[in-house]
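These notes are about the structure you will find just below.
Below, chains carry the letters A, B, ... as their sequence lines are ordered, and counting in each starts from 1.
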2 protein chains.
Amino acid sequence: MNTPTLRKPRRRTAEKQTKAEISRERVLAAAARIFSDRGYAGTTMRAIADGANLQAGSLYYYYPSKELLIEAVLDMGIHGVSASVYSAIAGLPPSTTYADRIRAAISAHLKSILEFGDYALASRRVLGQVPVEVRRKHVVRRDAYGDFWVRLLESAHGAGELRSDVDLKLARTFILGALNSALEWYRPNGMPIDEVAAQFTALIADGIFRR
Amino acid sequence: MNTPTLRKPRRRTAEKQTKAEISRERVLAAAARIFSDRGYAGTTMRAIADGANLQAGSLYYYYPSKELLIEAVLDMGIHGVSASVYSAIAGLPPSTTYADRIRAAISAHLKSILEFGDYALASRRVLGQVPVEVRRKHVVRRDAYGDFWVRLLESAHGAGELRSDVDLKLARTFILGALNSALEWYRPNGMPIDEVAAQFTALIADGIFRR
DNA sequence: GTCTATATGGTGATAGAC
DNA sequence: GTCTATCACCATATAGAC
């Protein structure tokens with residue numbers, strides 16, 4: 001508020017964001033939260049504006065339409081999670097077994113979906129309700145991430161580290177389905193994420209039955 | 001069509017449904033499909049009417065509001081699935097091990113969510129978008145079904161059939177999360193349900209890694 | 001950058017004819 | 001039972017003041 005009306009465009013730095021960048025992030029965060037809560041059609045631009053402490057008309061300064069706003073939310077979710085997982089795996093020593101790579105991917109995926117919370121939730125819950133063009137583009141990105149998992153499982157299978165009767169594509173949907181369900185029930189003040197990750201990793205690795 | 005305008009109310013039989021009952025089911029089925037596709041707010045009464053070959057105004061002869069219509073859809077999903085699973089378990093011989101009861105429950109759950117398709121999908125996708133009162137009631141029912149799973153796992157654990165370090169509540173959400181994800185990708189012309197059930201059962205029981 | 005005011009169109013629900 | 005016509009409301013998006 002009360003910023004001088006005329007000022008030079010600022011150099012972007014890591015620490016100082018312009019007023020516009022701050023507002024833009026507030027808008028995006030509010031959008032992610034409300035979209036994931038009420039669905040695409042159930043979310044009004046007024047509600048998002050309210051969550052970002054703006055009036056409805058002001059949103060259009062940052063995003064020219066509801067469609068481009070949900071697209072930005074979905075992008076953030078998909079890119080955030082996949083980039084986190086890719087970088088976690090890339091950071092492992094070359095000698096890491098595939099079994100350990102899978103364990104690392106499970107943990108990284110779980111942590112990053114919970115970290116990206118509302119953005120990941122929005123991907124999960126509203127992707128099916130979004131205008132077709134937006135959906136088409138994002139399904140491509142989501143599938144690319146799914147392919148990463150299949151390749152990881154294939155490598156492990158080729159190295160003889162998996163049970164030989166496991167269907168790899170089915171295993172991928174099984175694993176991601178189980179992990180992503182944490183978005184629906186995990187609460188930050190509950191069990192620490194690391195413990196959830198350890199339990200889920202054990203379940204995926206060895207199942208529930210005693211041997 | 002072309003039914004006489006005056007006729008006595010019919011006795012209900014298993015084979016013959018009245019015209020009203022047939023239309024009512026068509027409306028419910030169309031509602032389940034469209035709600036699960038477009039979300040609660042994204043579904044218009046006009047679209048449902050269209051799917052049921054009616055005009056929008058005619059829906060209100062069967063359901064007095066959109067809210068009561070989604071409630072009927074959610075009821076069908078939750079009751080259908082839980083009743084199927086309960087009866088599958090009740091039909092097992094008393095001597096059945098808990099491990100085998102769990103296997104049977106996995107298979108029954110998977111088969112019935114896919115059988116109830118759109119109704120189960122609607123529960124999964126729109127429960128969070130529905131008016132609070134409707135949601136409140138249905139969360140109670142869903143939780144009751146979740147408790148059944150926890151009790152089943154507790155019994156197995158008490159009998160020493162599970163790995164002792166498994167967190168039972170976490171295992172329940174893990175199992176149901178993985179199974180329910182099948183709703184998002186399973187297609188009737190793909191892998192037979194029995195085979196999916198066998199694979200998922202093996203994954204939940206023993207995990208993916210070779211020992 | 002953010003506001004207010006408003007245009008244009010779609011939505012749930014009702015009334016009453018047939 | 002199903003239709004047509006319609007009401008009252010709320011949505012996205014735009015225009016222009018500040």
ask   = B:Lys19 side chain: which of C:dA13, C:dT2, D:dT2 is closest?
value = D:dT2
Selection from C:dT4, D:dC3, C:dT2 that lies nearest to any side-chain heavy atom of A:Gln55 = C:dT4
message = Nearest to the A:Leu54 side chain among D:dT2, C:dC3, C:dT11, which nucleotide is it?
response = C:dC3
key: Proximity to the side chain of A:Tyr60 - top-ranked nucleotide from D:dG1, D:dT12, C:dG12   = D:dT12
inquiry  = Tell me whether the side-chain N/O atoms of A:Thr44 come closer than 4.0 Å to OP1 or OP2 in D:dC10.
reply    = no
message = By nearest atom, which of the nucleotides C:dC3, D:dA13, D:dT2 is closest to the B:Tyr62 side chain?
response = D:dT2
inquiry  = Determine whether the aromatic ring centres of residues B:Phe35 and B:Tyr119 are separated by less than 6.0 angstrom.
reply    = no
message = Let's see if you can work this out: which of C:dT11, C:dA13, D:dG1 has an atom nearest to the side-chain heavy atoms of B:Met45?
response = C:dA13
key: Candidates D:dA13, C:dG12, D:dC3 - which lies nearest the side chain of B:Ser58   = D:dC3
request  = May I ask you to verify if any side-chain N or O of B:Lys66 is less than 4.0 angstrom from the OP1 or OP2 atom of C:dG12?
outcome  = yes
task = Look at the side chain of B:Arg46 against the base of C:dG12 and say whether a donor-acceptor pair falls under 3.5 Å; ignore hydrogens and angles.
result = yes
inquiry  = In whole Å, I'd like the distance from the OH atom of B:Tyr63 to the P atom of C:dG12.
reply    = 17 Å
task = Assess the pair B:Tyr145 and B:His109: is the distance between their ring centroids shorter than 6.0 Å?
result = yes
